[in-house]
Asks: 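What follows is a single structure, and I will ask about it in a moment.
Within every chain, numbering begins at 1; the chains are lettered A, B, ... in the order of the sequence lines, protein sequences first and strands thereafter.
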Amino acid sequence: MKSASEQLELIRRGTEQIVPMDALVKKLERSIATGKPLRVKYGIDPTGFDVHLGHTVPLRKLRLFQELGHQAVLIIGDYTAMVGDPSGRDESRKGLTREQIEANAQSYLTQIGRIIDVNRAEVVYNGAWFSQFRFSDVLALTSQITVQRMLERDDFTKRIKAGTPIYLSECLYPLMQGRDSVEVRADVELGGSEQLYNLMVGRHLQADAGQEPQVCITMPILKGLDGVKKMGKSLGNYIGVGESADEQFGKTLSIPDTYEIIDETGQKQTRSFMKEWFELLTDRSPAEIAKLVDPVKTHPMEAKKRLAMDIVTTYHGEAAALAARAEFERRFSGRADPTEIPEVAILRSELNDGKIGIVRLLVLLGIASSNKDAKRLLGPTSGVTIGPERTKITEANTLIELTDGLVVRSGSKKVFRVRLTDA
RNA sequence: GGGCAGGUGGCAGAGCGGUCAAUUGCACCAGACUGUAAAUCUGGCGGGGUAACCCUACACAGGUUCAAAUCCUGUCCUGCCCA
C-alpha cells in the first residue's frame, strides 16, 4: 500500500477542493495503520441513459481510490431522482416514474463499469432507507437545517432573482443526499464542484448522528465540445462513453484549443482548454501535460490527437485508438471518404426513369430532415456532392441518375452510400 | 384569499388589430479559410409546393372582427406585494 503522502498526491491531482484537507490526511493515515480501507461514496441519480465524459471525472477519481485499495460505495439515487437535484440548474426537474428509474439504473451500472470496477464496489439504492422513512423521520431530517442556510446557496439565489420557481421538495434534496452519507458511513464523498453544498450537508448530518464527518472532494466541471458550457446531455455537447472510437476521436479533435475568460480585473485571459481535458480525463502527470499543451514544444494538433488517443484508449483499447487516428487522418487530412460508409436502402419505386430529385434523395438518406431543410443545404454555398468525382450539386431541381452504390455527401461528415432495393 | 404584473420560436427578448412565419442578440446548421481548433467572412435557421401560393404556430379554450401574437371572456401556469 502506498504511503499517505503518496496517496494524497494522487488524490489531489485535478481536484477542485478537498474539505477539510487535514481530515483526509488523518483518515488516510489511520487507514494505513489499521488496514481498513476508506469508504468513498459517489452518488448518481438514474435520470438518463448516456454516461458521458463529464460524469467520468469524479468516477475516475473513484477508480483511483479503488486502485489505492479503498472501498467504493455507489449510491443509486432512486429516491433523490424523484426530487431532482437543484444544483447547477435553473429549473426544477420533473420526477421520473419508477420504471424509468429502474431501467436507467441498470444502464448506468453497465456504462460505469467501463471506468470503475463495479464488482468490487458496494452498490446501494437510497430507496433502501428512504422507502422506510416515516413522516416523523422526514420532520427530524428537515429540522436539521434552516431555510436561511438553504436559501443562501447560489443556485437558489439565482433562481429567486430570475423569478424561476423553486419547489419545496428541492430543498429536501441536499438533506437526502446527506442522509445517504449517514446510512453508508462515508469517509469521503466525491462530486462535481456544484455539489459542494450538498456534500457539506452530509458532514453536518453525520456529525449530528455521532459519526466522524466525511471529507468532501469536489472535481471541476468538465466543459463540453463547445469549450464554453458544461458538458451535458441536453446541450448535445458531449462524448458518450459508449460511442464508437471514430466518433470519440473526431469529437475530441473538434474541441477548441483555448478559451477566453474575463478575470476580476476585467482583463481578457486565454486559457488552454486542452489542458483541462488532459487533467480531468487522462492519467498523464502534470509535467507531461505541461509539455503537451505548450504550443512551442508540441504542435497543438498533435497534442489534441494524443488527447483523443488517450480518451479512446480508455474505452476501446489502444489498437482501436490507433485505428481511429489513422482513419481520421485519412479521412479529413486526406479528404477521403470514410472506410466504412453507412448504407441506406432506397426503394426502386422512388425512381422515375432511373432518376430521383436531389431534394427527395437527401431526405430519404436522412441527410435533411425535410424538403425545406434539403433545399437549404443546396444553393450557391452547397456542400452536397455525389459519386467518386464529387460532383457538386447546387440546384434544388437537379435530377440524379441513381445507381446502386452511389455515394452522397453533405459536407465531409455526412456521407452515405445508396443501396437500391426492390421491396 | 386579495391586489398587481406577466406567459411569443432552443434561450434571451421585440411586436400590442392588417405590411407577422413574427425585428434583434445568443445558440445552432451549411459553405469559404484552417489543424473537423480559434478568429473572420457568406448563407440559413416551422411544414408542403418548381412557383404563385397554401397549411400549422405566439400558454389553453372560446368570442369580437372582413382581418387577432395583438382586443374581450374563461381556464391553467409564473412572479411580486398584502393576508
Asks: Using a 4.0 Å heavy-atom cut-off to protein, can you give one letter per nucleotide of nucleotides 35-48 of chain B, 5' to 3': B if the base is in contact, S if only the sugar-phosphate is, - if neither?
Replies: BBBS-----SS-BB
Asks: If the condition is side chain to side chain contact (heavy atoms under 4.5 Å, CB included), which residues does A/R60 pass it with, not counting sequence neighbours?
Replies: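 Listed in chain order: A/T56, A/R63, A/I115, A/D283.
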Asks: With a cut-off of 3.5 Å and sequence neighbours excluded, list every side-chain donor-acceptor pair involving residues 127-135 of chain A.
Replies:
from: A/W129; atom 1: NE1; to: A/D180; atom 2: OD1; distance (Å): 2.9
from: A/S131; atom 1: OG; to: A/G127; atom 2: O; distance (Å): 2.6

Asks: Tell me, what's RNA chain B's dot-bracket, Watson-Crick or G-U with both distances under 3.5 Å, | for other-strand, [ ] crossing?
Replies: ((((((((.[[[..)..(.....]]].(((((.......))))).(((....)))...[[[[[..)....]]]]]))))))).
Asks: I'd like to check the side chain to side chain contact (heavy atoms under 4.5 Å, CB included) partners of A/S370; sequence neighbours left out, ordered by chain and number.
Replies: A/K372, A/D373
Asks: Using the test ring-ring contact (aromatic ring centres under 6.0 Å, His included), find all partners of A/H52 that sit at least two apart in sequence or belong to another chain.
Replies: A/H55, A/Y238
Asks: Using the test ring-ring contact (aromatic ring centres under 6.0 Å, His included), find all partners of A/F249 that sit at least two apart in sequence or belong to another chain.
Replies: A/F328
Asks: Taking only residues two or more places apart in sequence, or in another chain, which ones meet A/S244 in a side chain to side chain contact (heavy atoms under 4.5 Å, CB included)?
Replies: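 Scan of A/S244 (side chain to side chain contact (heavy atoms under 4.5 Å, CB included), adjacent residues dropped) gives A/D246, A/E247.
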Asks: If the condition is side chain to side chain contact (heavy atoms under 4.5 Å, CB included), which residues does A/E9 pass it with, not counting sequence neighbours?
Replies: A/R13
Asks: Could I get the full list of salt bridge (charged side-chain N to carboxylate O under 4.0 Å, His left out) partners for A/R419, not counting sequence neighbours?
Replies: A/E343, A/D404
Asks: Please list each protein N or O that sits under 3.5 Å from an N or O in nucleotides 76-80 of chain B, with the distance.
Replies:
from: B/U78; atom 1: OP1; to: A/Y167; atom 2: OH; distance (Å): 3.3

Asks: Show me the side-chain donor-acceptor pairs of residues 393-403 of chain A shorter than 3.5 Å, one per line, residues at least two apart or across chains.
Replies:
from: A/T398; atom 1: OG1; to: A/E395; atom 2: O; distance (Å): 2.7

